[in-house]
Amino acid sequence: MSNHAPHLSEQELVRRENLRKIQELGIDPYPAAAFNVSHHSQEVVDGFEDNPDAYAEVSLAGRMMAQRIMGKAAFMELQDAAGRIQCYVARDEIAPGEDKALYNDVFKKYLDLGDWVGVRGHAFRTQTGQISIHVKELRLLSKALRPLPVVKEKDGEVFDAFSDPEQRYRQRYVDLIVNPEVRETFIKRARMVTSMRDFLNGKGYLEVETPVLQPLYGGAAARPFKTHHNTLDQTLYLRIADELYLKRLIVGGYEGVFEFAKDFRNEGMSRFHNPEFTMMELYVAYKDYRWMMDLVEEMLEGVAKALTGDGVVTVGKNAINFARPWKRYTMYEAIRVFTDIDISQMDEAQLRDTARKLHVSTDPSMGRGKLIDEIFGECVEPHLIQPTFITDYPEEMSPLAKKHRDHPGLVERFEVICNGKEIANAFSELNDPIDQRQRFEAQLELGKRGDDEAMVLDEDFLRALEYGMPPTAGIGIGIDRLAMIMTNQPSIQDVLFFPQMKAEK
RNA sequence: GAAGCGAUAGCUCAGCUGGUAGAGCAGCACACUUUUAAUGUGCGGGCCCUGGGUUCGAAUCCCAGUCGCUUCACCA
């Protein structure tokens, strides 16, 4: 035992002793040989009723999660990836000869909850009606040296749930073992992503990969993580968005590209923010933001239906219906609907005054766009539960979006708000290289004034635009936020396997 | 970054105005060949988050810190 091994608990000592006893009996607690699994728990439970003969010879593997020993026979619960199944283990079945050690010692004493075992036998129905496996052969597949939390459940009521968030997130493997609904949440997330990917592939768009390590960060307003490449002796940033790279690919001639991108933002953490998160960005040539609204509606309706059947997702107390069509408001309309105030003609001073009346806090650095955004964020956004489009944003807030075709001072941009939070952001992409350069320069000015989230000027991106980018619609969808909605989880940590945590100790 | 709340057995938690550390499950031992939160009897198990302070005496009171959660702030 290594000398830095900390104080083992009583139960850990017992398990190590059991391991030794097993080895003394000549059994390898970590065998190399493959164990052939013929069925999963759920298949047997679901299928036995209709066709019992099909389960006369089955082999399953999983963790032993409960043991109910009654002398010469016992029940154990085996948990595999699909669920749980009860196994009936009788002494004279698994140890038919004179030597009963496999049952009396190995099974009854040296196996512990959490150990991986393989069983062979036949399915049957117990006297109380539960479909179970009658075990003829039992094999230890891997010994567990730490005790699991023991979570019990009866009639839907859970006892002693493993619920401490810190432990659940730091030791997600334990969480996944003992909390089946957690496993289910991540399966749903995966199905959500698959559904989006299938949809986009079905439309003929190309899934691509672009750099995570970027010499300049761009495509969003955020503070980046900074790192250094030794050989190049150069500062690199972890991407805050992949937007500028995907647009370069549109310049290159692809008509539709998308990426499920891990992005990194060096900012505060909350139940809606993790330093690394996933965004799906899609760019399609010859389209505009109006077209993109129809596309995202179609895609997310499909995703919701794939997950729930009817497209209605329960989130907390709300039933959110993703069926098309969704409500569409311009930013000004939305504010008028929720505050009875028409701000469309207001100048900065009037907006500041309005914000004060609405109890929206402002500070002197805020310009017209920022003031509108604040009023919207306070007075409108939290009330938008059903998926809703908000369109036509102030130009100052959107340096990568094309100027509105009809309304000066606005850009062709929409966001999808759902459950009171933004889940998607899209524009008719700015493809005028001269306008784009001016917007970047305006950002540089903001940066000089101390805005540490202002965008930096990307000369190569401008060069690409100067070669000509077709009119293009682009969208970014926050995958984690969407997953929170689709899986009814209140915290982003519950849709990330390994949410960022401060280092232990 | 600020405030509020929390940290006690493997897990979930109790522990009052300071006086030898508790329960259920899990563990160990014995019994039990269709149980299912199995049952019955008995027994072990603690760096009370860390460091200071007050006190004859601190899990408990005070101060500082660590980590977590929540609500803000910034953001997607």
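Just so it is clear, the model here is predicted, and its values are computed rather than measured. Naming convention: chains lettered A, B, ... in sequence-line order (proteins, then strands); numbering from 1 in each chain.
- Within the 4.0 Å cut-off from OP1 or OP2 of B:U33, at least one side-chain nitrogen or oxygen of A:Lys72 is found.
- Ring centroids of A:Phe389 and A:Phe414 are separated by less than 6.0 Å, placing the two rings close together.
- Judged by closest nucleotide on RNA chain B, A:Gln493 is the one of A:Gln493 and A:Glu422 placed further toward the 5' end.
- B:A76 has its base stacked against the ring of A:Phe277, the centroids being under 5.5 angstrom apart at an interplanar angle below 30°.
- For B:C28, the OP1/OP2 oxygens have no side-chain nitrogen or oxygen of A:Lys109 closer than 4.0 Å.
- No donor-acceptor contact under 3.5 Å links the side chain of A:Tyr88 to the base of B:U35.
- The residue A:Gly71 sits close to a base: some heavy atom pair falls under 4.0 Å.
- Ring centroids of A:Tyr205 and A:Phe258 are separated by 6.0 Å or more, keeping the two rings apart.
- When heavy atoms are screened at a 4.0 angstrom cut-off, A:Lys370 is found touching the sugar-phosphate backbone but no base atom.
- Counting only heavy atoms from C-beta on, A:Ile69 has its side chain closest to B:C32 among B:G27, B:U35, B:C32.
- A:Arg68 has a side-chain polar atom (N or O) that falls below the 4.0 Å cut-off from OP1 or OP2 of B:A38.
- To the nearest whole angstrom, the two P atoms, one in B:C72 and one in B:G15, are 30 Å apart.
- Using a 4.0 Å heavy-atom distance criterion, A:Gln171 is classed as making no nucleic acid contact.
- Pairing analysis of RNA chain B (Watson-Crick: purine N1 to pyrimidine N3 plus N6-O4 or O6-N4; G-U wobble: N1-O2 and O6-N3; both under 3.5 Å) yields stems of 3 or more pairs at B:1-7 with B:66-72, B:10-13 with B:22-25, B:27-31 with B:39-43, B:49-53 with B:61-65.
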Using a cutoff of under 3.5 Å, can you pull out all pairs of nitrogen or oxygen atoms linking the protein to nucleotides 10-13 of chain B, with atom names and distances?
from: B:G10; atom 1: N9; to: A:Gln11; atom 2: NE2; distance (Å): 3.4
from: B:G10; atom 1: N7; to: A:Gln11; atom 2: NE2; distance (Å): 3.3
from: B:C11; atom 1: OP1; to: A:Gln167; atom 2: OE1; distance (Å): 3.0
from: B:C11; atom 1: OP1; to: A:Gln167; atom 2: NE2; distance (Å): 3.4
from: B:U12; atom 1: OP1; to: A:Asp164; atom 2: N; distance (Å): 3.3

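- Among the heavy atoms of the strands, none lies under 4.0 Å from A:Arg146.
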